[in-house]
Colleague: 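My questions all concern the structure below.
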Protein chains: 2
Amino acid sequence: MEKQTITIYDVAREAGVSMATVSRVVNGNPNVKPATRKKVLEVIDRLDYRPNAVARGLASKKTTTVGVIIPDVTNIYFSSLARGIDDVATMYKYNIILANSDENGQKEIQVLNTLLAKQVDGIIFMGNQVTDSLRHEFQRSKTPIVLAGSVDPKEEVGSVNIDYVAAIEEAVSTLIKHGNKKIAFVTGNLDDPINGMYRLKGYKQALNKANIDFDANLIFETEYSHKAGEAIWQKVKAAGATAAVVGDDELAIGLVNGATDDGAKLPNDFEVITSNDSKLTEIARPKLSSVTQPLYDIGAVAMRLLTKMMNKEEIDNETVLLPYGIVERGTTK
Amino acid sequence: MEKQTITIYDVAREAGVSMATVSRVVNGNPNVKPATRKKVLEVIDRLDYRPNAVARGLASKKTTTVGVIIPDVTNIYFSSLARGIDDVATMYKYNIILANSDENGQKEIQVLNTLLAKQVDGIIFMGNQVTDSLRHEFQRSKTPIVLAGSVDPKEEVGSVNIDYVAAIEEAVSTLIKHGNKKIAFVTGNLDDPINGMYRLKGYKQALNKANIDFDANLIFETEYSHKAGEAIWQKVKAAGATAAVVGDDELAIGLVNGATDDGAKLPNDFEVITSNDSKLTEIARPKLSSVTQPLYDIGAVAMRLLTKMMNKEEIDNETVLLPYGIVERGTTK
DNA sequence: CTGTTAGCGCGTTCAT
DNA sequence: ATGAACGCGCTAACAG
C-alpha cells in the first residue's frame with residue numbers, strides 16, 4: 001500500500017537543494033532566490049509533490065482545521081449556519097470537521113474531546129445549552145471556541161446571535177396589535193436558554209406592555225419537527241389560543257399544516273409568526289411570517305470571529321449580535 | 001501559548017514505564033500486565049493526558065478521518081445523506097471533513113486535493129458528475145473513494161444509489177396510467193448522468209411502452225430550487241403538460257406552488273411525482289407523491305462500504321443499488 | 001510482558 | 001540565500 005510517498009526530501013534531492021529551501025518555497029518564504037524558487041517549483045510540479053498536512057501539523061502545531069459541533073445537519077436552521085461557517089472557513093484556508101451531536105450532552109463532550117485530540121485550531125459550537133461539564137471542557141483546553149446561534153448566559157465564551165428577547169417581544173407585540181389576546185408560545189426545549197430565558201422573556205415583556213396576564217397554559221414545549229407541530233395543534237387550539245409564536249420553522253409549518261388540515265383558515269382564524277426565516281418559510285403555503293435573522297451570516301461571522309481568535313488578534317467584542325427583523329407573509333393578517 | 005502539552009513521554013515517566021507501554025495501553029494492546037495497565041491508566045487520568053491524533057497520524061499513516069465532498073449542505077437531499085454518513089463514520093471511529101463544492105468542477109478538484117493533502121483515509125463524493133479531471137485525481141491517489149447518491153457511468157469507482165432508470169420509468173408509468181399523455185420531465189443539470197442518462201432513459205422507456213411519442217418540448221432543465229420550480233410552471237403549462245416528474249423535492253414544491261398560486265387544483269388539474277422523498281414531501285401541501293429512496297441509508301451504506309475499502313476487506317460489489325419505491329400522496333390522483 | 005530505537009514528513013532555528 | 005540538524009508526539013518493529 002505505497003500511498004503516494006513523495007516527500008519534501010525527494011523534491012530537495014531532485015532539485016539539488018536542501019529540504020529547508022523546498023520548505024521555504026512551499027510556504028512562500030521570500031528568502032529564496034527567484035531562480036532556485038523556479039527550479040524547485042518545477043520539480044514539485046514534475047514529481048506531483050503534495051505537502052503532507054499531517055506532518056506539517058505536527059511540526060507547526062497548526063492543523064488549519066476547525067471542529068464544528070452541530071445538533072443535526074438535516075435541520076435547515078443549522079445547515080444554513082454551517083454553510084456560512086464553511087464558506088468563510090474556506091476563505092481563510094481552513095477545513096471543517098463536522099460532527100452531529102443530537103444536542104445530547106454526552107455526545108457533545110465526547111465529540112469535543114475527539115476534536116481536541118485531533119488538534120483542531122478552533123471550535124464552533126451549536127447546541128441547546130452550554131452545560132457546566134461542557135464549559136469545563138472548553139476551559140481546560142486553550143482552544144478558541146465560539147458559539148453560533150447558541151447562547152451562553154454566563155457569556156464566558158464568544159458567540160454570535162441575534163437579540164432573541166427583543167425579536168420575540170416584537171413578534172408578540174405584532175400579534176397583539178392584530179387583536180390577539182391569547183398567544184401561544186410554541187418552542188423546543190426550555191432548557192435551552194434561547195427558549196427558556198430569552199424568547200420567553202420577550203414573550204412576557206410584550207404581554208406585560210399590553211397588560212395581558214401571562215398564562216402558563218399557553219406555553220408549549222416540544223421538539224423541532226414538523227410532526228411535533230402537527231401534533232400540538234389540537235392542544236394549542238384547546239387552550240383557546242388565536243395565534244402563536246413558534247421557535248422553529250419546521251415546527252411552525254407543522255402547526256400551520258395541523259391547523260389547516262383541521263379546517264382553520266390562516267391567517268384569519270389563526271396567526272403564526274415563526275423564528276428563523278429559513279427558506280422553508282417561503283416554501284410553505286401560506287408562506288410563514290417570521291422573525292428574520294441572517295442565518296448564513298451568523299455562521300459566517302462566527303467563523304470570522306474564530307479566525308481572529310486563532311490568530312490572536314485583538315477582539316473588540318466577544319459576543320456579537322446581528323440585526324433581526326420581522327416579515328409578515330401569509331400567516332399574519 | 002502553551003497548549004496542553006502532556007505527552008506520552010510524561011505519562012511514561014510518571015508511571016515508571018516506557019512510552020511503548022503507554023502506547024500499548026492507549027491502543028488497547030492486550031500484551032500488558034493488568035497491574036501496569038491499571039497504573040498507566042491512573043496516571044493518564046491524573047495528568048489528563050490526551051493522545052495527539054496528529055502525531056499518531058504521522059506515525060501510523062492513518063488519520064481516522066474521511067473527506068466528504070457535498071454540493072451544498074443546505075440542500076435537504078444531500079444533508080440527509082450526510083447525516084447517514086456521519087453516523088456510521090462515528091460508529092467506526094471516523095470523523096468527517098465536510099466540504100461544500102457547489103457542484104463546481106474546479107472547486108471539486110481543489111477540495112479533493114486539500115483533502116488528500118490532509119491524508120484522509122477515504123473520501124465520499126457527492127456531486128453531479130465525475131468529470132475526467134476528477135477521475136484523474138481519484139486514480140492518482142490510492143485513497144479509497146465512494147460516490148453517494150451520485151453516479152459514475154464508467155463505474156470505475158464504488159458507489160451507492162438506487163436504480164434511477166427503473167424508478168423514473170415506474171413514476172412515469174404511474175402518471176400514464178392516470179391518463180396523462182403529456183408529461184413534463186423537470187430536472188436539474190442534464191450533464192448529471194443521473195438526469196441526462198438514467199432518469200431520462202426511464203422517462204423515455206415508459207413513454208415507449210405506452211406508445212407515446214417523445215416530445216423534447218416537455219423536457220425542462222433548471223436548477224434545484226424552489227424559485228426555479230415556481231418560475232418554470234408557466235412554461236410547463238404552456239407546453240400543455242398535464243403532469244410532471246421532477247428530479248428534486250424543493251424544485252417539485254416550487255412547481256406545485258407555482259401551479260397552485262396560478263389557480264390550478266392538484267392533483268386534478270395537474271399531477272406531479274418528485275424524486276427524493278425527503279421530509280419536504282410531507283411538509284408540502286398537498287403532500288408530494290414521490291419516488292422513495294432511503295436517503296439516510298444511501299449515506300450510511302456508502303460510508304460502510306468505504307470502511308471496508310479502507311480496511312482492505314474483500315468487497316463483493318463496488319456498486320450497490322438500494323431499493324426504491326413509489327408513494328402516492330396528494331399530488332397524484 | 002516490557003523497553004529501545006527508529007523513523008513518519010515537515011518547520012525551524014542556527015550557522016554559513 | 002541556503003543547508004544541517006533537531007524536534008513535534010507517537011507507532012512500530014525488534015530485542016530481551
Side-chain angles (χ1 to χ4, degrees), chain A residues 1-41 43-44 47-65 114 116-121, chain B residues 1-41 43-44 47-65 93 114 116-121 141:
Chain A
M1 63 147 281
E2 50 292 45
K3 259 169 86 175
Q4 181 128 8
T5 266
I6 299 167
T7 77
I8 199 174
Y9 177 76
D10 299 316
V11 177
R13 185 170 30 70
E14 199 73 11
V17 299
S18 74
M19 302 170 40
T21 300
V22 177
S23 176
R24 289 193 185 93
V25 347
V26 167
N27 292 300
N29 185 316
N31 287 44
V32 179
K33 202 192 301 176
T36 72
R37 173 190 306 283
K38 180 157 175 284
K39 185 173 53 181
V40 172
L41 248 19
V43 175
I44 286 182
L47 263 46
D48 205 24
Y49 164 71
R50 189 176 2 222
N52 180 323
V54 173
R56 212 200 289 238
L58 220 213
S60 69
K61 294 180 172 307
K62 290 198 191 104
T63 54
T64 64
T65 108
T114 97
L116 292 175
K118 295 215 169 171
Q119 313 300 116
V120 294
D121 297 333
Chain B
M1 64 147 280
E2 50 292 44
K3 259 171 88 173
Q4 182 128 4
T5 266
I6 298 166
T7 77
I8 199 174
Y9 177 74
D10 299 315
V11 178
R13 185 170 30 71
E14 200 74 11
V17 299
S18 75
M19 303 170 37
T21 301
V22 177
S23 176
R24 289 196 184 91
V25 347
V26 167
N27 292 301
N29 184 315
N31 289 45
V32 179
K33 200 192 304 174
T36 71
R37 175 190 303 283
K38 181 158 174 287
K39 186 173 55 179
V40 172
L41 247 18
V43 175
I44 285 182
L47 263 46
D48 204 26
Y49 166 70
R50 190 175 3 221
N52 181 323
V54 174
R56 210 199 289 237
L58 219 212
S60 69
K61 292 180 174 307
K62 287 195 192 110
T63 54
T64 65
T65 107
K93 312 289 186 194
T114 98
L116 293 174
K118 295 216 170 172
Q119 312 300 116
V120 294
D121 297 333
S141 88

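We use all heavy atoms of the structure for the numbers below, so side chains are in, but hydrogens, waters and symmetry mates are not. Below, chains carry the letters A, B, ... as their sequence lines are ordered, and counting in each starts from 1. Treat the numbers as computed from the prediction; the structure is a model and nothing was measured.
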Colleague: Just how far, in rounded Å, is P of dT11(D) from CG of L58(A)?
Modeller: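 The distance from CG of L58(A) to P of dT11(D) comes to 11 Å, rounded to the nearest Å.
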
Colleague: Just by distance, with hydrogens left out, do T64(A) and K118(B) show a side-chain donor and acceptor under 3.5 Å apart?
Modeller: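 Yes, K118(B) and T64(A) have a side-chain donor paired with an acceptor closer than 3.5 Å.
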
Colleague: Tabulate protein N/O versus nucleotide N/O from nucleotides 4-6 of chain C, keeping only pairs under 3.5 Å, one per line.
Modeller:
none

Colleague: Expressed in angstrom and rounded to an integer, what is the separation of N52(B) atom CG from dT11(D) atom C1'?
Modeller: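 So the two atoms are 13 Å apart, to the nearest Å.
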
Colleague: Over how many whole Å does the gap from Y9(A) atom OH to dG11(C) atom C1' extend?
Modeller: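 So the OH-C1' distance, Y9(A) to dG11(C), works out to 18 Å.
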
Colleague: Tell me which nucleotide among dT2(D), dG9(C), dC10(D) gets nearest to the side chain of T7(A).
Modeller: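 Shortest atom-to-atom distance from the side chain points to dG9(C).
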
Colleague: On DNA chain C, compare the nucleotides closest to P30(B) and A59(B); which residue's is nearer the 5' end?
Modeller: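 Comparing both residues, the 5'-ward one is P30(B).
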
Colleague: For R56(A) and dG9(C), is the shortest distance between a side-chain N/O and OP1 or OP2 below 4.0 Å?
Modeller: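 No.
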
Colleague: Using a 4.0 Å heavy-atom cut-off, does V17(A) contact any base of the nucleic acid, only the sugar-phosphate backbone, or nothing at all?
Modeller: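 The answer is sugar-phosphate, as V17(A) gets under 4.0 Å only of primed atoms, P, OP1 or OP2.
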
Colleague: To the closest 0.5 Å, what do you measure between NZ (K33(B)) and OG1 (T21(B))?
Modeller: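 Here the interatomic distance stands at 10.5 Å.
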
Colleague: Just how far, in rounded Å, is P of dT12(C) from CD1 of I8(A)?
Modeller: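 The answer, rounded to whole Å, is 11 Å.
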
Colleague: Determine whether Y49(B) and I8(B) satisfy the following criterion, side chain to side chain contact (heavy atoms under 4.5 Å, CB included), listing intermediate values before the conclusion.
Modeller: CA-CA 8 Å; Y49(B) 166 70; I8(B) 199 174; 3.7 Å; yes

Colleague: dG16(D) P sits how many Å from N31(B) CG, rounded?
Modeller: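 One finds 18 Å between P of dG16(D) and CG of N31(B), rounded.
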
Colleague: In whole angstrom, give the distance that lies between atom CG of N29(B) and atom P of dC1(C).
Modeller: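 Value for this atom pair: 10 Å.
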
Colleague: How many angstroms lie between NZ in K61(A) and CG in N52(B), if you round to the nearest 0.5 Å?
Modeller: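 Here the rounded value is 7.5 Å.
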
Colleague: Can you list, in residue-number order, the parts of residues 33-40 of chain A that come under 4.0 Å of DNA chain C, counting heavy atoms only?
Modeller: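 Hits under 4.0 Å, by residue number: none.
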
Colleague: Rounded to the nearest 0.5 Å, what separates atom CD in E14(A) from atom CD1 in I44(A)?
Modeller: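 Reported value, rounded in 0.5 Å steps: 12.0 Å.
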
Colleague: Output the distance between atom OG1 (T114(A)) and atom CZ (R50(B)), rounded to the nearest 0.5 Å.
Modeller: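 T114(A) atom OG1 to R50(B) atom CZ measures 10.0 Å (nearest 0.5 Å).
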
Colleague: Checking the side chain of S23(B) only, and the main-chain atoms of M19(B) only, is there a donor and an acceptor separated by less than 3.5 Å?
Modeller: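 No: the side chain of S23(B) does not pair with the backbone of M19(B).
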
Colleague: Ignoring backbone atoms, establish whether K61(B) has a side-chain N or O less than 4.0 Å from OP1 or OP2 of dG7(C).
Modeller: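 No, K61(B) has no side-chain N/O under 4.0 Å of OP1/OP2 on dG7(C).
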
Colleague: Between V17(A) and V22(A), is there a side-chain heavy-atom distance shorter than 4.5 Å?
Modeller: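 Yes; the side chains approach each other to less than 4.5 Å.
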
Colleague: Given 3.5 Å as the limit, does a donor-acceptor pair link the side chain of N29(A) with the main chain of N31(A), or not?
Modeller: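 Yes.
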
Colleague: Check whether any side-chain N or O of T5(B) sits under 4.0 Å from OP1 or OP2 of dG9(D), and answer yes or no.
Modeller: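 Yes, within the criterion.
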
Colleague: In whole Å, what is the span from the CG atom of D10(A) to the P atom of dC8(C)?
Modeller: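 Distance check: D10(A) CG to dC8(C) P gives 11 Å.
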
Colleague: Expressed as a whole number of angstroms, how long is the span from R13(B):CZ to dG9(D):P?
Modeller: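 Spelled out: CZ on R13(B) to P on dG9(D) is 13 Å.
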
